[in-house]
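Contents: one structure, followed by commentary.
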Amino acid sequence: MASTLRRTWAEIDLDALARNYKALKKHIGDDVKFMGIVKADAYGHGSVQVSRCLQDAGADYLAVSSIDEAMELRTNGITMPILILGHTPRDQVEKLIENDITQAVTCEAKAINFSNEALKIGKTLKVHIKVDTGMSRLGYLCDGDFFDGGIEHIVEDCQMPGLDPEGVFTHFSMSDEEGEEALAYTRHQFQLFKDVIAAVEEKWGKKFRLRHCANTGATARFPETHLDMVRPGLLLYGYGDFAKELGLEPVMSLKTAVQTIKHYPAGTKVSYGGTYTTDKKTRMGVLPYGYADGFLRSLSNKATVMTSEGKARQCGRICMDMSMIDLTDKKSVGVGSEVEIFGKLNPVEELAEAAGTIPYELVCAVSKRVPRVYLRGGEVIERELLLRLQP
Ligand SMILES: *Cc1c(COP(=O)(O)O)cnc(C)c1O
């Protein structure tokens, strides 16, 4: 869909995504399957296009956070297996089964509900058992004193007639952190996960077909944790130190174009609150990019963007729809000139650091008002604008 008014867009390089996938496949080896994490609209990159690319490239599984995200993929022709990492209400179990969607099971009460609902229609629901090994969020608690009880519950739930326990998984909370303490914590989580699987499989008398735990940090750093399948998100999109180490490329380039140029004398206050005062005769560019597009207001007076003449400082408070940049020494940058907010030239990691946050938050923050432009072989293959322009 052509966006006419907005001049800010996110280029999604599907070739880079396919190359990242290939490089990661090489890194994990032929015996390990690949689950692409495409929750939150594929970290802001567009889950349908990203999933299509991964499906074509031969990925094994996708994961999302909710049934709505899963249905978005099914509705758009994604046929590969999809796991829902979060909760699904019991009255939606039939829909899960009808659409061949796999559900995470995180506790006994949910296992009972899911099994009962599946039995009502004479079917079974494919599930992955979630073990809490130290993230302390979702999953059967199995650490320390909880080990025996946790095993007992998982075995019971694996035997429920309405459930088909295809997989078992856990989530690391510190696999991307530096230092001995984090390393020890991850090692403990992994050992506990293996112990739980061994104990459950022995009692149950069957084996899980898919054991998985490796997120970005573990996929990159700890090959022993790859087991049957890895589950990276950020790494796949090419952000962070591990991506750099593995030679992966950033998939998104967020771009905008200078909308207006103004000339101010020294001493001029710029934007709300007057937090920036020009210290010289200043040539100021206005960008149609503000916090409603995903430019965190906390980056006011801290961000830099990339122009054809190098980095330009963002000045004054970031507004809802606009922000200002100093173009005084960049004479060739004028109205209509393209500016990269982050991407291949201006790493998102630097912007995240300036905002005191992580790249995850910045790519997820790119709002639905920003059209995604999908590139293959340098050509635009699709434009997607998630606004309600049709009645
Ligand atoms: C989001 C998520 C991932 C991916 O995390 P990254 O740090 O982006 O690799 C993996 N597993 C679960 C359960 C998740 O929620």
Side-chain angles (χ1 to χ4, degrees), residues 17 20-21 23-25 27-28 32-45 47 50-51 54 59-70 73 81-88 101-107 110 127-140 166-178 182 185-186 189-190 193 210-223 225-246 248 250-252 348-349 352 357-365:
L17 180 71
N20 288 352
Y21 169 75
L24 284 169
K25 274 300 280 182
H27 173 71
I28 62 177
V32 178
K33 289 182 157 53
F34 189 97
M35 173 184 268
I37 303 287
V38 296
K39 64 192 182 196
D41 203 26
Y43 292 40
H45 294 65
S47 64
V50 165
S51 299
L54 292 176
D60 302 281
Y61 233 110
L62 298 170
V64 296
S65 69
S66 68
I67 187 168
D68 295 331
E69 290 184 344
L73 298 182
I82 301 174
L83 171 67
I84 296 177
L85 299 164
H87 178 56
T88 301
I101 297 166
T102 310
Q103 173 61 46
V105 172
T106 56
C107 67
K110 285 175 184 168
V127 297
H128 286 201
I129 300 290
K130 176 82 180 269
V131 183
D132 184 354
T133 55
M135 172 72 181
S136 310
R137 194 172 61 180
L138 296 179
Y140 294 79
E166 175 187 55
V168 62
F169 69 115
T170 193
H171 194 44
F172 294 122
S173 57
M174 295 202 209
S175 64
D176 59 349
E177 306 263 342
E178 289 305 321
Y185 200 86
T186 303
Q189 281 196 274
F190 185 54
F193 184 49
L210 292 172
R211 302 161 299 157
H212 51 103
C213 57
N215 56 1
T216 283
T219 299
R221 299 164 83 192
F222 309 122
T225 66
H226 294 175
L227 301 178
D228 299 316
M229 184 159 72
V230 297
R231 217 173 60 218
L234 197 76
L235 195 60
L236 175 62
Y237 303 107
Y239 310 113
D241 292 341
F242 303 127
K244 225 170 284 160
E245 284 160 22
L246 290 171
L248 308 180
V251 172
M252 184 191 296
V348 70
E349 291 83 0
T357 186
I358 50 179
Y360 295 78
E361 194 182 356
L362 293 191
V363 287
C364 286

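These values consider heavy atoms only, across backbone and side chains, with no hydrogens, waters or symmetry-generated copies. When a ligand or atom number is given, it counts from 1 through the structure's own listing order.
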Check the pair His128, Tyr140 against ring pair (Phe, Tyr, Trp, His ring centres under 6.0 Å), reporting the backbone distance first and the verdict last.
CA-CA 12 Å; His128 286 201; Tyr140 294 79; over 10 Å; no
For ligand 1, which atoms sit closer than 4.0 Å to a heavy atom of [X]?
X: Leu234; answer: 6 (P), 8 (O), 9 (O)
X: Gly233; answer: 4 (C), 6 (P), 8 (O), 9 (O)
X: Pro232; answer: 9 (O)

Is there a side-chain contact between [X] and [Y] (heavy atoms, below 4.5 Å)?
X: Ser66; Y: Glu69; answer: yes
X: Leu138; Y: Asp132; answer: no
X: Tyr61; Y: Lys33; answer: no

Top protein contact for [atom], by heavy-atom distance:
atom: atom 2 (C) of ligand 1; result: Lys39 NZ, 2.5 Å
atom: atom 11 (N) of ligand 1; result: Arg231 NE, 2.9 Å
atom: atom 7 (O) of ligand 1; result: Tyr360 OH, 2.6 Å

Just by modelled atom types, is the [Y] backbone N or O under 3.5 Å from a matching donor or acceptor in the [X] side chain?
X: Glu349; Y: Pro359; answer: no
X: Arg231; Y: Gly36; answer: no
X: His27; Y: Lys25; answer: no

Phe169, Phe34, Phe190 screened by ring pair (Phe, Tyr, Trp, His ring centres under 6.0 Å) with His212, the one that passes
Phe169
Heteroatom distance test (Lys130, ligand 1): nitrogen or oxygen, under 3.5 angstrom
no
Shortest reach to atom 9 (O) of ligand 1 by a heavy atom, considering only Thr216, Leu236, Val38
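Among Thr216, Leu236, Val38, the closest heavy atom to atom 9 (O) of ligand 1 comes from Thr216.
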Among Tyr43, Tyr237, Phe172, closest by any non-hydrogen atom to atom 5 (O) of ligand 1
Tyr43
Would you say Leu235 touches ligand 1, if touching means a heavy atom closer than 4.0 Å?
no
Sub-4.0 Å heavy-atom approach of Arg137 to ligand 1:
yes
